[in-house]
Every structure is written in C-alpha cells, then in structure tokens.
Amino acid sequence: MKRNRKIVVLSHCIINCNSKVEGLSVYEGALDFTKKLIDNGFGIIQLPCPELLNFGLKRWGNSKEQFNNLIYKERCKELLKPYIVQFDLYKNSGYEINSIIAIDGSPSCGYNKTCSSSIFSNKICEYPNSIIKREKISLINEKGVFIEVLCEMLKEFNLDIKILGLDESDLENSSKKILNYILK
Ligand code: SF4
C-alpha cells in the first residue's frame, strides 16, 4: 500500500485562480507550488470558494465588513461542514493534515490579514474607477470571514490544524516560506 497519509488543505483559488474576482489573479491557473506538494507525496484537499458559491463569477471585490454578517457566516458553515467531517476522519485514522493554506488579504479567506473598508454604500456610478475607491481600502490584521468560521469549527471539533496565510503581494517569498514549513 503506497499511500503516505500526508495531506495539505488549500484554499480553492490556489489550484484554480478562475474563481477569483475578475482581474485579481497573479497566476494563470494553478499556483505552481502545488506541483512541489505533489512531488513530495502530499494529497491535496481543495476547500470550496465561498464567494464563487455565494455570489458567482460576476462579482465585485468586497471588504470584510460586507461579509461579516450571519447570513454569510451560516453559508460558510454549511460549506465547511463536509470538510470538517473529512478532517476529523483523517486525523482520527492516523493521517497527517499538515496545514491549511489561506489567502491573506481576502475578505473571506485571509488568515493574517483581510481587507477592510467603511465604504459600502452609495451608487456604483459614484465610484467610477472601482466600487470602493482604493484609498478607502486597508489591510487589517484580522482573519477573513470564511477562515474565521473555519477556526471556530476547528476549535469546536477539537481539530488542531495549522493555518498559514499565502501573501499574493509577495508571492515568491510567501510561497517559499509556506513550502519550507510544509516540507520541513
Ligand atoms: S473567496 Fe477565497 S477561495 Fe474564493 S477566490 Fe477569494 S480567496 Fe480564493
């Protein structure tokens, strides 16, 4: 039996950048560090993309404040339940879930940072260059809503799994750091 019982959990868009808000991807399809995980014998679990499944492909970029409500949190919980079940099954059967890789800066999937803005009103036409003027958006040291819900569920079900945030504004260094952690 050849399996080596090592698993990494990736945010959806790491293996499929097509789920991102149009114009935001810094790579073409799947991030190439995924190849290194495969070469090193890891199995990969791909989390669902909560924004794609709630708002579709033709969505705007949002801030955490727009998602920080019970409707979205409940939806995140529903999406995450089958994954919590899988994590529990693997961990209780001698498998290693090495880590979960989040996407820093995302209002949903950020771990170390998420994007914040107090501007979420008025009409689209009042913001000709973007829905929220860039200067009104800031990165804050908080988790995105999906990862916040994930952390609560991991705690509730006693699942101790390391989470790391991929910083796409410094993709090369951030990918290296994450790989160093996973392959150590
Ligand atoms: S919501 Fe998460 S998985 Fe979906 S595109 Fe944004 S960062 Fe990636």
Side-chain angles (χ1 to χ4, degrees), residues 1-21 23-52 61 64 67 76 79-80 82-116 137-184:
M1 218 175 24
K2 253 187 155 182
R3 73 178 73 184
N4 64 15
R5 298 171 189 268
K6 297 189 305 185
I7 294 167
V8 173
V9 181
L10 300 180
S11 288
H12 185 96
C13 58
I14 292 177
I15 332 186
N16 174 29
C17 72
N18 300 299
S19 65
K20 288 180 179 290
V21 168
L24 285 192
S25 183
V26 291
Y27 45 95
E28 286 185 330
L31 191 58
D32 59 2
F33 86 45
T34 313
K35 285 188 215 154
K36 295 236 169 64
L37 300 179
I38 295 168
D39 290 344
N40 281 277
F42 281 92
I44 295 171
I45 294 178
Q46 182 185 28
L47 288 175
C49 172
E51 294 183 24
L52 177 69
K64 179 177 178 180
F67 293 157
C76 290
L79 290 172
L80 283 165
Y83 293 85
I84 294 291
V85 170
Q86 292 175 65
F87 300 163
D88 186 60
L89 286 170
Y90 283 121
K91 277 183 78 75
N92 286 314
S93 305
Y95 290 72
E96 176 207 347
I97 299 187
N98 176 286
S99 49
I100 298 171
I101 313 302
I103 305 289
D104 277 349
S106 160
S108 296
C109 298
Y111 181 62
N112 300 296
K113 288 175 194 300
T114 189
C115 60
S116 169
I137 301 175
S138 57
L139 285 176
I140 55 168
N141 297 330
E142 286 183 21
K143 297 174 184 62
V145 175
F146 186 66
I147 294 294
E148 234 165 42
V149 172
L150 173 63
C151 289
E152 283 164 16
M153 292 175 86
L154 291 174
K155 198 170 168 201
E156 184 183 349
F157 293 96
N158 232 354
L159 293 163
D160 184 19
I161 306 175
K162 175 88 174 165
I163 303 181
L164 301 164
L166 178 70
D167 178 359
E168 293 186 331
S169 66
D170 185 14
L171 194 55
E172 204 181 321
N173 282 324
S174 185
S175 301
K176 260 189 212 158
K177 272 190 205 156
I178 289 175
L179 275 176
N180 284 344
Y181 175 85
I182 295 174
L183 304 179
K184 73 179 182 283

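We number each residue from 1, following the sequence as shown. What you see is a predicted model; the values in this text were computed from it and never measured. All heavy atoms count here, side chains included; hydrogens, waters and symmetry mates do not.
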Extract all donor-acceptor atom pairs below 3.5 Å that involve side chains of residues 151-168 and protein atoms in other chains or at least two apart in sequence.
unit_1 : atom_1 : unit_2 : atom_2 : d
D167   : OD1    : S169   : N      : 3.0
D167   : OD1    : S169   : OG     : 2.6
D167   : OD2    : S169   : OG     : 3.4
E168   : OE1    : K20    : NZ     : 3.0
E168   : OE2    : K20    : NZ     : 3.2
E168   : OE2    : Y27    : OH     : 3.3

Worksheet entry | Inter-residue atom distance L10.CG - I45.CD1, 0.5 Å rounding | 9.5 Å
Discussion item. Can you tell me how far apart CG (D104) and CG (N112) are? Round to the nearest 0.5 Å.
Written reply: 4.5 Å
Item to complete: For side chain to side chain contact (heavy atoms under 4.5 Å, CB included), just list the numbers for N40 and I182, CA-CA rounded to whole Å, side-chain angles, deciding distance to a tenth of an Å, and then say yes or no.
Response: CA-CA 10 Å; N40 281 277; I182 295 174; over 6 Å; no
Practice prompt. Scan residues 90-115 for pairs that pass ring pair (Phe, Tyr, Trp, His ring centres under 6.0 Å), counting only residues two or more places apart or in two chains.
Written response: Y90-Y95
Worksheet item: To the nearest 0.5 Å, how far apart are OG1 in T114 and CD1 in I103?
Response: 12.0 Å
Worksheet item: More than 12 foreign heavy atoms under 6.0 Å from NZ of K177: is that the case here?
Response: no
Worksheet, complete the sentence: Result for side-chain contact (heavy atoms from CB on, under 4.5 Å) between F87 and one of I7, L80, N92, I97 points to I97
Worksheet item: Can you check side chain to side chain contact (heavy atoms under 4.5 Å, CB included) on L139 and C115, steps first, answer last?
Response: CA-CA 4 Å; L139 285 176; C115 60; 4.1 Å; yes
Fill in: Separation between NE2 of H12 and CD of Q46, rounded to the nearest 0.5 Å
4.5 Å
Worksheet, complete the sentence: Value for SG (C76) from CG (L47), rounded to nearest 0.5 Å, stands at 11.0 Å
Practice prompt. Decide side chain to side chain contact (heavy atoms under 4.5 Å, CB included) for K113 and I140; before the verdict, give the C-alpha distance in whole Å, the side-chain angles of both, and the deciding distance to 0.1 Å.
Written response: CA-CA 5 Å; K113 288 175 194 300; I140 55 168; over 6 Å; no
